[in-house]
There are 4 protein chains.
Amino acid sequence: MSTPPTFKRLPRAVREQQMLDAAVKVFSRRGFHAASMDEIAEDAGISKPMVYAYLGTKEELFVACLHREGTRMMQAIAGAAAPELPADERLWRGLRAFFGFVGAHRDGWAVLYRQARGEQPFAGELAGMRARLVEVVAGMLDHALRAEGREVGETDLEVVAYALVGATESLADWLADHPEADPEKTATRMMNVAWLGAGQLLHGVTWHPRVTPG
Amino acid sequence: MSTPPTFKRLPRAVREQQMLDAAVKVFSRRGFHAASMDEIAEDAGISKPMVYAYLGTKEELFVACLHREGTRMMQAIAGAAAPELPADERLWRGLRAFFGFVGAHRDGWAVLYRQARGEQPFAGELAGMRARLVEVVAGMLDHALRAEGREVGETDLEVVAYALVGATESLADWLADHPEADPEKTATRMMNVAWLGAGQLLHGVTWHPRVTPG
Amino acid sequence: MSTPPTFKRLPRAVREQQMLDAAVKVFSRRGFHAASMDEIAEDAGISKPMVYAYLGTKEELFVACLHREGTRMMQAIAGAAAPELPADERLWRGLRAFFGFVGAHRDGWAVLYRQARGEQPFAGELAGMRARLVEVVAGMLDHALRAEGREVGETDLEVVAYALVGATESLADWLADHPEADPEKTATRMMNVAWLGAGQLLHGVTWHPRVTPG
Amino acid sequence: MSTPPTFKRLPRAVREQQMLDAAVKVFSRRGFHAASMDEIAEDAGISKPMVYAYLGTKEELFVACLHREGTRMMQAIAGAAAPELPADERLWRGLRAFFGFVGAHRDGWAVLYRQARGEQPFAGELAGMRARLVEVVAGMLDHALRAEGREVGETDLEVVAYALVGATESLADWLADHPEADPEKTATRMMNVAWLGAGQLLHGVTWHPRVTPG
DNA sequence: TATGAATGAGGTTTCATTCAT
DNA sequence: AATGAATGAAACCTCATTCAT
C-alpha cells in the first residue's frame, strides 16, 4: 500500500495560517459585514466548525487578521528606523518602510484597517494599533523635541501625532486605491508634509491666529 | 391659546426632515449595518413604509443623510473663507468653520465620514464630498502657489491635499470622540501642522531623501 | 377668465373605463400578483383611493377586467353564429370570430384569461366564463346531436366540450404568443381538429380500447 | 425491538425529497404566490434555512418541483407506448398512462401545469415540459403521417399538436377537480376526440371553410 | 480531529388598504 | 369628489453559530 497524499490532519498552526490567509482575502474583498463565514471557510478549504474552534467568532477572527497583518507591518518597519539616526532620517525610513509595506499588501493591511475604522466593535483594537503606529512614526518627534530641550503639552503632542497618523493613513488609502502609484514617491510626499511642518515646530515656530473681531 | 402640536398628517417636507434627523442619529449611534430601519422609523415617530416611500432603500437613506449633512457642512464653511483674503487667513477660517461644525454636529460627522469610509457602496458619494472638501480646504494651496509663480505636478498636489484632508479628518474624529475638547483649539493645532508645512512648501523648500544605499 | 381645460371631475362611467383600461394593461404586462395597485392607479392618471372607491379590492378589480373583456369577446362572437345555420357553419363562424377577437387583443383577453386559470380566487369567475364559451362553441354539438336523434350521457358531453374548449384555449395562448400568426388560419386549424373529430362522433363512430391484458 | 424512527440529522438526499414533497403539497393547495416558505418548511418538518440551503430560492424550489413531477410523469408514460405498436394503440396507451398518472398524483399535476401556466418566470420551464409531452403524445401523429406518405407543414403540425395537448391538459384539469372520476374513462373520451379527429386527418380528409362573403 | 446538518433570529422590502383633509 | 399621508402585516432571504456524528 502506498501512502496517499495527505491534505488533512495538518498541525494546528498551519491550519490557522490558512484560515487567516483566507479571512484576510475575503474581508478585504467584501468588507467585514459582506464577508460570510461560509465563504471564508470554503476559501480556506476547511469546514466552518473548524474556524470557530480555532479562531472563534467572526469578530475575533477579524481581530486576529488585524493582529497578524499589523504585526507583520510593525516588523517590516522595526528594523528600518534605528534609534541612533537623526530624527528626520528615522522618520523617513519609517515612512518608507510603512508605505513599502502598504504598497506590497494593497489588498491586505490597508483595506482591513479601513474596514476597522468604521466599526465600533474594533475601536479598542484600533486604538492599540494606532498607538503602536504613533510610537514608531510620530514618537520620534517627542524624542527630538526633548533633545532640543523643549516642552510640549501632552494634549498638543497627542493631537499633532493624531494629525500626522491621519495624514499617513489617508495616503495609505490613496496608495491602496492606486495600483500604479509608487510607494517610494508617496513616502517622499508624506515626508514633505510631515517633516517640513514638524521641522518648523521643532524649531519653536508656531502659528497663532491673528486677533480678529468675530 | 396656541394651536396644539399636531403629530399626524404632516406635509412631506417636514416628515422627510424628521426621518433624516432620526436616521443620522441612529446611523451614528449604531453604525450603518447595525442600524435597523425599524429603529430609525420608530425614532422618527413614523412607520417603516413611510421611510421607504419617501427616502427609499436603506442605502439611499444613508446617502441622503450624507448629502444633507455634507451640504450643511459646506454651507457652514462657504461663508467663512472669502477669496480675497490672504491664503493663510483663508485656510484658518476654513478650518475654524470646519471644526466648529464638527464640534457642533458630532453625530453628523460620524455619519458623514467615519461610517462611509469603510463601506464600498458609498465610495462614490464619499469621493464627491472629499473632492468638495479639497476644493475648499486644500485648493487654496494651489491658488497661493500659482500666485507665487510656482508649478506643482497635478499628482503632487492631489497627494498633498489628500494628506491634509486626511489629517483634518483624523482630528475631526478625535474631536468627535472628545466631547470636552475645544473646536477652536483643535483648529489651531491643525493649522499649525498644515500651514507651517504648507508655508515651507510655498516658499520652495522641499525635502528630499539623502542618497543612501538600499 | 377662460375656462381651463378640464381633466378632472369626469363622470363616473368614464373614470371607470379609464381604470379598467389601465388595469387590463398592467395586469397583462405584469401578471396578477406582480401588478401593483400603485401602478394601475398611476397609469390611469388617478389616485388609489378612487380605484378602491369605484372598483373595490384588487381581486374585484381583476374580476371586473375579466368581465369587461369577456363580455366584449362574447359580443364579438354573438352575431357571428346564427342559430339557423348548419352546425359546422355555426362552429366555424364562432371559432373565426373567437380567434379574430383574440388576435386583435393579444395583450388583453388571452393574457387575462391565462392569468386567471392559475389562481384559485378566480375559479368561480372562470367557471362562468368557460360555461359561456361552452354554450357558444360546443353547445352546438348538443344541438346537432339531438337533431340527429342521438343521446349522449351528460358527463360525456361535458367532458368532450371541456376538451374542445381546452384545445381552443390552448390555441388562443399560442396565438397570443405568436404576433405574426394569422387568426383566420388558426381558426381553420382548430376547426379541422374539432369538426373532423366531432363530425365522426356525430355520425355515431366511436373509438373503444381493444381488449388487452394489463 | 425495532429501531425507533429518527427525525433528525437525515442525509441530504432524504431531506430534499421531504422538502419537495412538502413543496408540491403546499404549492398545490395554495398556489405559487399564496404559498409561503414558512409553511413549506414547517410542513417538511425542517427549518426554513435548510430549504434555502438545499433547494434555493422560492422560484428555484418551484422549478425543482416541476422537474421532479415532470420527470416522474414522463417515466410513467415512457414505458407505456412502445414504438413498434400501431399509431392508435400507442396514442391510447400514452393517454391512458398520462391520465392514470394525473389521477394518482392530482397534487403533482396541479403544481406542474396549472400553476406554472399563469406565471411568466416559468414559461421557459413549461415550454420544455410541453415540448416533451408533444414528443410523446402528439409526435406519433407525425410518424403515422409519414408512414402513409403524407406531408404536413411544420406549423400545421405544431398547431394541431398544440391543440391536442391543450385538450389533454384541459381534461387533466377536469380530472384533478373531480376526485371521483375514472382516469381510464377520461382517457377513453380524450382518445375519441383526438383519434377520430386525427384519424380523419390521417386519411387525408381536411375541412375547409366554404367560400362566403365577409 | 473534522464536518454535514441544522436553526434562531433578525433584517429589508413590498403591498393592499384606509384615514383625514 | 378626490387625494396625500399613513400603516399592519407578512414575505423572502441570509447569517453567525452550534450539535451530533
Side-chain angles (χ1 to χ4, degrees), chain A residues 7-12 15 33-42 45-54 56-61, chain B residues 6-16 33-41 44-54 56-61, chain C residues 7-12 15 33-42 45-54 56-61, chain D residues 6-16 33-41 44-54 56-61:
Chain A
F7 292 118
K8 302 194 169 192
R9 306 272 163 180
L10 296 182
R12 172 163 185 153
R15 274 276 142 90
H33 278 101
S36 80
M37 295 298 269
D38 275 283
E39 186 178 356
I40 291 172
E42 189 185 18
I46 223 143
S47 74
K48 254 189 302 179
M50 288 301 295
V51 180
Y52 280 90
Y54 279 178
T57 127
K58 189 185 184 184
E59 273 185 19
E60 289 165 344
L61 175 57
Chain B
T6 301
F7 290 118
K8 301 200 165 193
R9 303 279 152 173
L10 297 183
R12 173 168 186 152
V14 176
R15 273 278 135 91
E16 279 185 348
H33 280 101
S36 83
M37 295 299 270
D38 270 291
E39 186 177 358
I40 291 172
I46 205 105
S47 71
K48 247 187 309 178
M50 286 305 292
V51 180
Y52 280 89
Y54 283 175
T57 211
K58 192 186 185 184
E59 267 188 24
E60 288 167 346
L61 174 58
Chain C
F7 292 119
K8 303 194 167 191
R9 309 269 162 181
L10 295 181
R12 172 163 186 153
R15 274 277 140 92
H33 279 101
S36 80
M37 294 299 269
D38 275 283
E39 187 177 356
I40 292 171
E42 188 185 19
I46 223 146
S47 72
K48 253 189 304 179
M50 287 302 296
V51 179
Y52 280 88
Y54 281 178
T57 128
K58 191 185 184 185
E59 273 186 19
E60 288 165 344
L61 175 57
Chain D
T6 301
F7 290 119
K8 301 198 166 194
R9 305 280 153 174
L10 298 183
R12 174 167 185 153
V14 176
R15 274 278 133 91
E16 279 185 346
H33 279 102
S36 85
M37 293 300 268
D38 270 290
E39 186 176 357
I40 291 172
I46 205 102
S47 71
K48 244 189 310 177
M50 286 306 292
V51 181
Y52 281 91
Y54 284 175
T57 209
K58 191 184 183 184
E59 266 187 24
E60 288 166 344
L61 174 58

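A quick note: this is a predicted structure, and the numbers were derived from the prediction, not measured. In what follows, chains carry the letters A, B, and so on, assigned in the order in which the sequence lines appear, proteins first and then strands, with residues in each chain numbered from 1.
- The side chain of C:Arg15 contributes an N or O atom lying less than 4.0 Å from OP1 or OP2 of F:dA2.
- If you find the closest nucleotide of DNA chain F to B:Tyr54 and to D:His33, the one lying nearer the 5' end belongs to B:Tyr54.
- Across C:Arg15 and C:Tyr54, no two heavy atoms sit closer than the pair CB-CE1, 3.6 Å.
- B:Ile46 places its CD1 atom 9 Å from the C1' atom of F:dT7, with the value rounded to the nearest Å.
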Between protein and nucleotides 18-21 of chain E, what N or O pairs are separated by less than 3.5 Å?
| residue | atom | partner | partner atom | Å |
| --- | --- | --- | --- | --- |
| E:dC19 | O2 | B:Arg9 | NH1 | 2.5 |
| E:dC19 | O2 | B:Arg9 | NH2 | 2.9 |

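- The side chain to side chain donor-acceptor pair (under 3.5 Å) search around D:Lys58 returns none, not counting sequence neighbours.
- With sequence neighbours left out, the side chain to side chain contact (heavy atoms under 4.5 Å, CB included) criterion links A:Glu60 to A:Thr57.
- The side chain of D:Ser47 lies closest to E:dT7 when the candidates are F:dA11, F:dA6, E:dT7.
- Each of A:Met37 and D:Asp38 lies near DNA chain F, and the nucleotide nearest D:Asp38 is the one positioned closer to the 5' end.
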Subject >> Watson-Crick or G-U pairs under 3.5 Å in DNA chain E, rendered as dot-bracket with [ ] for crossing pairs and | for another strand >> reply: .||||||||||||||||||||
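- At least one side-chain nitrogen or oxygen of C:Thr57 sits closer than 4.0 Å to the OP1 or OP2 atom of E:dT17.
- For the residue pair B:Ala41 and B:Ser47, the shortest heavy atom distance occurs at CB-C, 4.0 Å.
- Counting non-hydrogen atoms under 4.0 angstrom, B:Ala35 reaches the backbone sugars and phosphates but no base.
- Qualifying side chain to side chain contact (heavy atoms under 4.5 Å, CB included) partners for C:Tyr52, counting only residues two or more places apart in sequence or in other chains: C:Met37.
- Not one side-chain nitrogen or oxygen of B:Ser36 sits closer than 4.0 Å to the OP1 or OP2 atom of E:dG10.
- Listed by chain and residue number, D:Arg30 satisfy the side chain to side chain donor-acceptor pair (under 3.5 Å) test with D:Glu39 (two or more places apart in sequence, or in another chain).
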